[in-house]
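Side chains are part of it too, since the values below use all heavy atoms of this structure and drop only hydrogens, waters and symmetry mates. In what follows, every chain begins at residue 1, and chains take the letters A, B, ... in the order their sequences are listed.
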2 protein chains.
Amino acid sequence: MTTTPVRDDDFLRLDQQICFSLNAASRAFNGLYRVVLKELGLTYPQYLVMLVLWEHGDLPVKKVGEHLRLDSGTLSPLLKRLETAGLVRRERSALDERSVVVGLTGEGTALRERALRVPRRIAAATGFELAEIDDLRTRLDRLTGALDAAALEEPPGPGPGSE
Amino acid sequence: MTTTPVRDDDFLRLDQQICFSLNAASRAFNGLYRVVLKELGLTYPQYLVMLVLWEHGDLPVKKVGEHLRLDSGTLSPLLKRLETAGLVRRERSALDERSVVVGLTGEGTALRERALRVPRRIAAATGFELAEIDDLRTRLDRLTGALDAAALEEPPGPGPGSE
DNA sequence: CGTCATTTAGTTGTGCGCAATTTAATTGTG
DNA sequence: CACAATTAAATTGCGCACAACTAAATGACG
């Protein structure tokens, strides 16, 4: 361990920096997407769902959730809105009646053409080089992995091997 | 311009990576904070507000919002919950009756002692060196600045050209 | 075969984020 | 002083994220 000695007091301020910065960046992204996606009639999470469907084709709700780290509590109402908008269809799977398969309608498929313009506008807005974006993405993914792992270890007991 | 020629098609996938990674990291952070903050009875946004108050003392709602990039639509109900929890007090300013000053109660001030342990647990969970966290923070802040600026320029017109 | 655990969606409830609107106080201007 | 413009909070409405729970279908096992 290369733990640099830092007083809790200082740490509390450092902490605010990183968690807050990440939060702010995420919301700033969201704000820009809101503007750009408005003309497509999509919210940012809806756009993410459409990206998944455009890339992978028809998928059960479960699979969509795995791609986006979202559960049915979030996806069910969201997909219902996409269905109302005429972009997707939902049908019970014949093979497994528990599963609901989400598929693109013609309109949903067609929307992809208009969505192709979105990423360039977003990327341009960041002012970052592609390489830097990629580097940032790598670090963030590593961070996410570490945080998820930690969240699983935190709740049960404060030490190794209780219960 | 060092624009690497990339097809819109590829771009659409790259795009999913960066926006999605940031979103995922933010939610992963949120999840870990949820676990760690549970014993303090705070949500993550409430924790951010407390951090601001601990650092700056009593502040009008407006100032709290400036520190956190949040407006009264978010802060009003949040502060009401903190008030109900007995952590803060809200009083109309005598000098400017429009303004509501948010102040810590004794209980709110005391909570800081217990909160001092939080950052270390979070930082440990990331598995990142302090230097790397700081580097990441810097990049994210730059990103946020660029995105905010872009969001202000986007809405008026689609720019030179299209439509 | 029947029973029970697991899996998959959906529902409910709470809280956040933000746009749009409302209300009240303050400031600026003639 | 009167009156319009601005400012600060609060409220309303919508959508997302997540925990907790329900309902229905499937799979495992004696």
(request) Quickly work out the A:N23 CG to D:dA17 P distance and round it to whole Å. (result) 13 Å
(request) To the nearest 0.5 Å, tell me how far A:L104 CG sits from A:R89 CZ. (result) 8.5 Å
(request) Please work out if A:L95 contacts a base, only the sugar-phosphate, or nothing of the nucleic acid, heavy-atom cut-off 4.0 Å. (result) sugar-phosphate
(request) Go through C:dG17, D:dA9, C:dA9 for me and flag the one nearest to the A:V61 side chain. (result) C:dA9
(message) It should be established whether A:R98 places a side-chain nitrogen or oxygen under 4.0 Å from OP1 or OP2 of nucleotide C:dG10.
(response) no
(request) Could you check whether A:K38 gets within reach of a base, just the sugar-phosphate, or nothing at all, counting any heavy atom under 4.0 Å? (result) nothing
(request) Name the residue closer to the 5' end of DNA chain C, choosing between B:Q46 and B:E97 according to the nucleotide with the nearest heavy atom. (result) B:Q46
(message) Below the 4.0 Å mark, does C:dT8 have OP1 or OP2 next to a side-chain nitrogen or oxygen of A:R92?
(response) no
(request) Quick one: label A:P77 by what it contacts on the DNA or RNA (base, sugar-phosphate, nothing), any heavy atom closer than 4.0 Å. (result) nothing
(message) Can you measure A:L59 atom CG to C:dT8 atom C1' for me and round it to whole angstrom units?
(response) 15 Å
(message) Rounded to the nearest 0.5 Å, what separates atom NZ in B:K63 from atom CG in B:D58?
(response) 14.5 Å
(message) Could you tell me how far apart B:Y33 (OH) and C:dG15 (P) are, to the nearest whole angstrom?
(response) 21 Å
(message) Using whole Å, what does the distance between atom C1' of nucleotide C:dG10 and atom CZ of A:R90 come to?
(response) 9 Å
(message) Both conditions, 6.0 Å and 45 degrees, for the charged tip of A:R137 above the ring of B:F20: are they met here?
(response) no
(message) Starting the side chain at C-beta, find the nucleotide from C:dC18, C:dT11, C:dT26 nearest to A:K80.
(response) C:dT11
(request) Compare side-chain N and O positions of B:R27 against OP1 and OP2 of D:dC18 and report whether any pair is under 4.0 Å apart. (result) yes
(message) So if I apply the side-chain contact (heavy atoms from CB on, under 4.5 Å) rule between B:V49 and each of B:V88, B:L79, B:L70, which one comes out positive?
(response) B:L79
(request) Counting heavy atoms from C-beta on, name the nucleotide in C:dT8, D:dA19, D:dT26 closest to the side chain of A:K62. (result) C:dT8
(request) Name the nucleic acid region contacted by A:S99, choosing base, sugar-phosphate or nothing; use a 4.0 angstrom heavy-atom cut-off, strictly under. (result) sugar-phosphate
(request) Look at the side-chain N and O atoms of A:K63 and state whether any lies under 4.0 Å from the OP1 or OP2 oxygen of C:dA9. (result) no
(request) Counting heavy atoms from C-beta on, name the nucleotide in C:dA9, C:dA25, D:dT26 closest to the side chain of A:S76. (result) C:dA9
(request) On the 0 to 90° scale, with breaks at 30° and 60°, tag the A:H67-A:H56 ring pair as parallel, tilted or perpendicular. (result) parallel
(request) Tell whether A:S72 reaches the base of C:dG10 with its side chain through a donor-acceptor pair below 3.5 angstrom. (result) yes
(message) Here's a test of your reading of the structure: between A:G31 and A:L75, which maps to the more 5' nucleotide of DNA chain C?
(response) A:L75
(request) Give one of base, sugar-phosphate or nothing for A:D96, where a contact means two heavy atoms less than 4.0 Å apart. (result) sugar-phosphate
